[in-house]
Amino acid sequence: MDTLKVTSIKSLAESPALNSVPSTYAFNINPNEEADPNDPEFAIPIVDMSLLTSGSPDQRSKIIHDLIKICQEWGFFIAINHGVPESLMKAMIDACHGFFTLPDKEKQEFKSGNDVLEMFEYGTSFNPATDKVLLWRDFFKVRVHPEFYSLYKPSCFSEISREFSKRSREVALEITRAISESLGLEPNYIYDAMNMDRGLQMLAANYYPPCPQPEHAIGIPHHTDHGLITLLIQNEMNGLQVEHNGKWLTVDGPTNGFFVNLADQMQILTNGKYKSVMHRATLNNKATRISIAIPHGPSVDTIIAPAPELMEKEGEAPKYLAMNYKEYIQLQRSGKIYMKYTFDHIRA
């Protein structure tokens with residue numbers, strides 16, 4: 001099968017002739033690198049958001065204290081009791097499923113150029129023209145903040161994505177306030193320093209159909225995210241893995257929880273104190289997995305550097321050079337640093 005002509009992994013995966021992974025998609029996962037989910041060392045931290053927003057002062061300060069260790073050691077947690085209705089989360093997943101099941105010709109209407117600030121983008125793999133290994137996923141991305149854009153198909157998409165983007169943003173901003181406090185800074189420090197009033201927020205959906213040999217292909221290889229924090233939801237299929245203590249752990253959590261990972265600008269802003277977590281998307285041979293990531297970042301014109309207030313408090317020199325956020329995104333997307341830490345390129 002000529003995979004160079006494949007316009008979507010969905011159409012390839014549904015081909016009756018497919019019984020093994022085509023060579024252009026070959027990617028081996030080492031099972032020895034996977035964590036035992038029953039080992040207490042790999043118990044994923046859970047943050048009860050209701051204690052941040054409506055708990056007693058003591059409950060709030062305990063969560064903020066817990067966040068220090070979580071952000072230093074994991075850079076990842078599951079947020080529960082966050083106030084976003086489970087029905088809205090499910091409606092958002094269903095709307096994304098509706099898009100991916102449109103005929104290929106209609107989805108192609110949303111293809112775009114390579115500008116990191118496109119209103120929307122649809123495609124397969126990462127960049128099929130340059131990818132050494134093609135990824136077993138179709139995706140779309142829509143910019144929802146500071147201006148709100150939407151796909152115009154399916155017809156329900158705009159209304160659902162507007163409400164979901166707004167509600168998930170409230171959760172993300174509550175988390176950034178708590179992280180600011182955990183650093184000994186004012187609650188609005190990150191919001192103000194990163195110009196989050198006009199911060200970049202995307203809605204990025206991934207479609208991973210069943211794969212005949214899931215251990216020999218990859219949905220998205222290991223990477224970190226370029227923003228401050230990313231929230232993620234998924235349908236009932238697992239596949240997200242995070243790296244912790246040198247092992248890969250499959251994340252299993254409640255369907256009404258948000259998976260929250262810290263991203264590169266948070267690591268840079270905290271001068272490496274808090275961790276941008278390496279993660280990847282693995283596959284299965286049973287059913288389609290849909291995930292929706294909502295990355296939240298600074299405004300695209302913000303220059304990000306380690307926070308002077310933290311440098312002074314910790315008595316440290318900056319470990320990272322200052323860089324414009326848009327240029328940072330372009331560096332990450334350039335392909336030169338594929339599957340590497342982008343912030344290694346701006347170490348001071």
Side-chain angles (χ1 to χ4, degrees), residues 1-29 90-114 118-142 149-158 160-161 202-221 223 232-241 280-293 333 335 338-339:
M1 183 174 293
D2 184 0
T3 51
L4 291 176
K5 290 182 183 160
V6 168
T7 55
S8 79
I9 193 65
K10 183 176 182 293
S11 55
L12 174 65
E14 289 171 355
S15 160
L18 185 77
N19 52 24
S20 62
V21 170
S23 59
T24 46
Y25 288 88
F27 185 102
N28 282 329
I29 287 177
K90 185 173 187 313
M92 189 71 257
I93 290 169
D94 289 346
C96 291
H97 182 262
F99 172 80
F100 286 117
T101 53
L102 290 171
D104 275 1
K105 189 177 175 195
E106 291 185 45
K107 289 183 287 195
Q108 296 296 327
E109 295 169 21
F110 297 93
K111 272 187 115 51
S112 66
N114 205 29
E118 292 281 6
M119 293 180 290
F120 41 67
E121 176 186 3
Y122 162 73
T124 190
S125 192
F126 177 69
N127 181 353
T130 58
D131 292 346
K132 293 183 177 66
V133 174
L134 294 178
L135 311 185
W136 200 270
R137 67 136 187 187
D138 295 333
F139 72 90
F140 72 78
K141 297 177 184 177
V142 188
Y149 296 100
S150 173
L151 307 180
Y152 47 84
K153 294 178 182 179
S155 57
C156 65
F157 193 91
S158 180
I160 294 167
S161 66
M202 306 293 287
L203 189 145
N206 293 293
Y207 182 96
Y208 308 102
C211 176
Q213 298 169 294
E215 67 286 358
H216 293 307
I218 193 77
I220 304 178
H223 66 287
L232 183 136
I233 65 172
Q234 61 182 15
N235 64 356
E236 61 284 352
M237 300 304 296
N238 289 334
L240 174 67
Q241 291 190 333
R280 68 187 184 185
T282 58
L283 306 166
N284 75 82
N285 58 7
K286 297 181 182 66
T288 294
R289 174 174 179 251
I290 292 176
S291 71
I292 304 170
R333 286 184 51 144
Y338 193 47
M339 295 196 283

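Start at 1 with the first residue, then count along the sequence. Reckoned from all heavy atoms, side chains included, excluding hydrogens, waters and symmetry mates.
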- request: Check whether any side-chain heavy atom of Gln213 lies under 4.5 Å from a side-chain heavy atom of Asn285, and answer yes or no.
  value: no

- request: Could you tell me whether the side chain of Ile220 reaches within less than 4.5 Å of the side chain of Tyr208, counting heavy atoms only?
  value: yes

task: Find out whether Leu135 and Pro221 are in side-chain contact, i.e. whether some heavy atom of one side chain is under 4.5 Å from a heavy atom of the other.
output: yes

- prompt: How many angstroms lie between CZ in Phe140 and CE in Met202, if you round to the nearest 0.5 Å?
  reply: 10.5 Å

Pairwise side-chain contact, Phe157 with Met92, heavy-atom cut-off 4.5 Å (strictly under): yes

- request: May I ask you to test the Asn19-Pro212 pair for a side-chain heavy-atom distance under 4.5 Å?
  value: no

- request: Report the distance from atom CD1 of Ile290 to atom CD1 of Ile233, rounding to the nearest 0.5 Å.
  value: 10.0 Å

- request: Could you tell me which non-hydrogen atom of Asn235 sits nearest to which non-hydrogen atom of Ile93, and how far apart they are?
  value: N-CD1, 3.8 Å

message: Just verifying a value: how many Å separate Cys211 SG and Leu18 CG, rounded to the nearest 0.5 Å?
response: 7.5 Å

task: Mind listing the closest non-hydrogen atom pair of Pro209 and Trp136 along with its distance?
output: O-NE1, 3.1 Å

- request: For the pair Tyr122 and Leu151, evaluate side-chain contact (heavy atoms from CB on, under 4.5 Å) and give the outcome as yes or no after the intermediate values.
  value: CA-CA 10 Å; Tyr122 162 73; Leu151 307 180; over 6 Å; no

query: Looking at side-chain heavy atoms only, is the closest gap between Leu134 and Phe27 below 4.5 Å?
result: no

message: Measuring only between side-chain heavy atoms, which start at C-beta, is Asp94 closer than 4.5 Å to Cys156?
response: no

query: Backbone N or O of Tyr207 within a donor-acceptor pair of the Asp138 side chain at under 3.5 Å?
result: no

task: Mind checking the CG-CE spacing from Asn284 to Met237? Nearest 0.5 Å is all I need.
output: 4.0 Å

- request: Indicate the atoms forming the closest heavy-atom contact of Thr288 with Pro210, along with that distance.
  value: OG1-CD, 3.4 Å

Please set out all donor-acceptor pairs under 3.5 angstrom arising from side-chain atoms of residues 96-110, sequence neighbours excluded.
from: Thr101; atom 1: OG1; to: His97; atom 2: O; distance (Å): 3.0
from: Thr101; atom 1: OG1; to: Gly98; atom 2: O; distance (Å): 3.1
from: Asp104; atom 1: OD1; to: Ser8; atom 2: OG; distance (Å): 3.4
from: Asp104; atom 1: OD1; to: Lys107; atom 2: NZ; distance (Å): 3.4
from: Asp104; atom 1: OD2; to: Thr7; atom 2: OG1; distance (Å): 3.1
from: Asp104; atom 1: OD2; to: Ser8; atom 2: OG; distance (Å): 3.4
from: Glu106; atom 1: OE1; to: Lys153; atom 2: NZ; distance (Å): 3.2
from: Lys107; atom 1: NZ; to: Phe100; atom 2: O; distance (Å): 2.7
from: Glu109; atom 1: OE1; to: Tyr152; atom 2: OH; distance (Å): 3.0
from: Glu109; atom 1: OE1; to: Lys153; atom 2: NZ; distance (Å): 3.3
from: Glu109; atom 1: OE2; to: Lys153; atom 2: NZ; distance (Å): 3.0

query: From Thr124 OG1 over to Ile9 CD1, what is the distance, rounded to the nearest 0.5 angstrom?
result: 5.5 Å

message: Applying side-chain contact (heavy atoms from CB on, under 4.5 Å) to His216 and Asn28, what does each step give before you reach the verdict?
response: CA-CA 5 Å; His216 293 307; Asn28 282 329; 2.7 Å; yes

message: Looking at every heavy atom in both Ser161 and Leu203, which two are closest together, and how far apart are they?
response: CB-CD1, 4.3 Å

Partner set under side chain to side chain contact (heavy atoms under 4.5 Å, CB included) for Phe139, not counting sequence neighbours: Glu121, Arg137, Lys141, Asn206

message: Please give me the minimum heavy-atom distance between Ala95 and Ile160, naming the atom from each residue.
response: CB-CD1, 4.3 Å

Ala281 versus Ile218, closest heavy-atom pair with distance: O-CD1, 3.5 Å

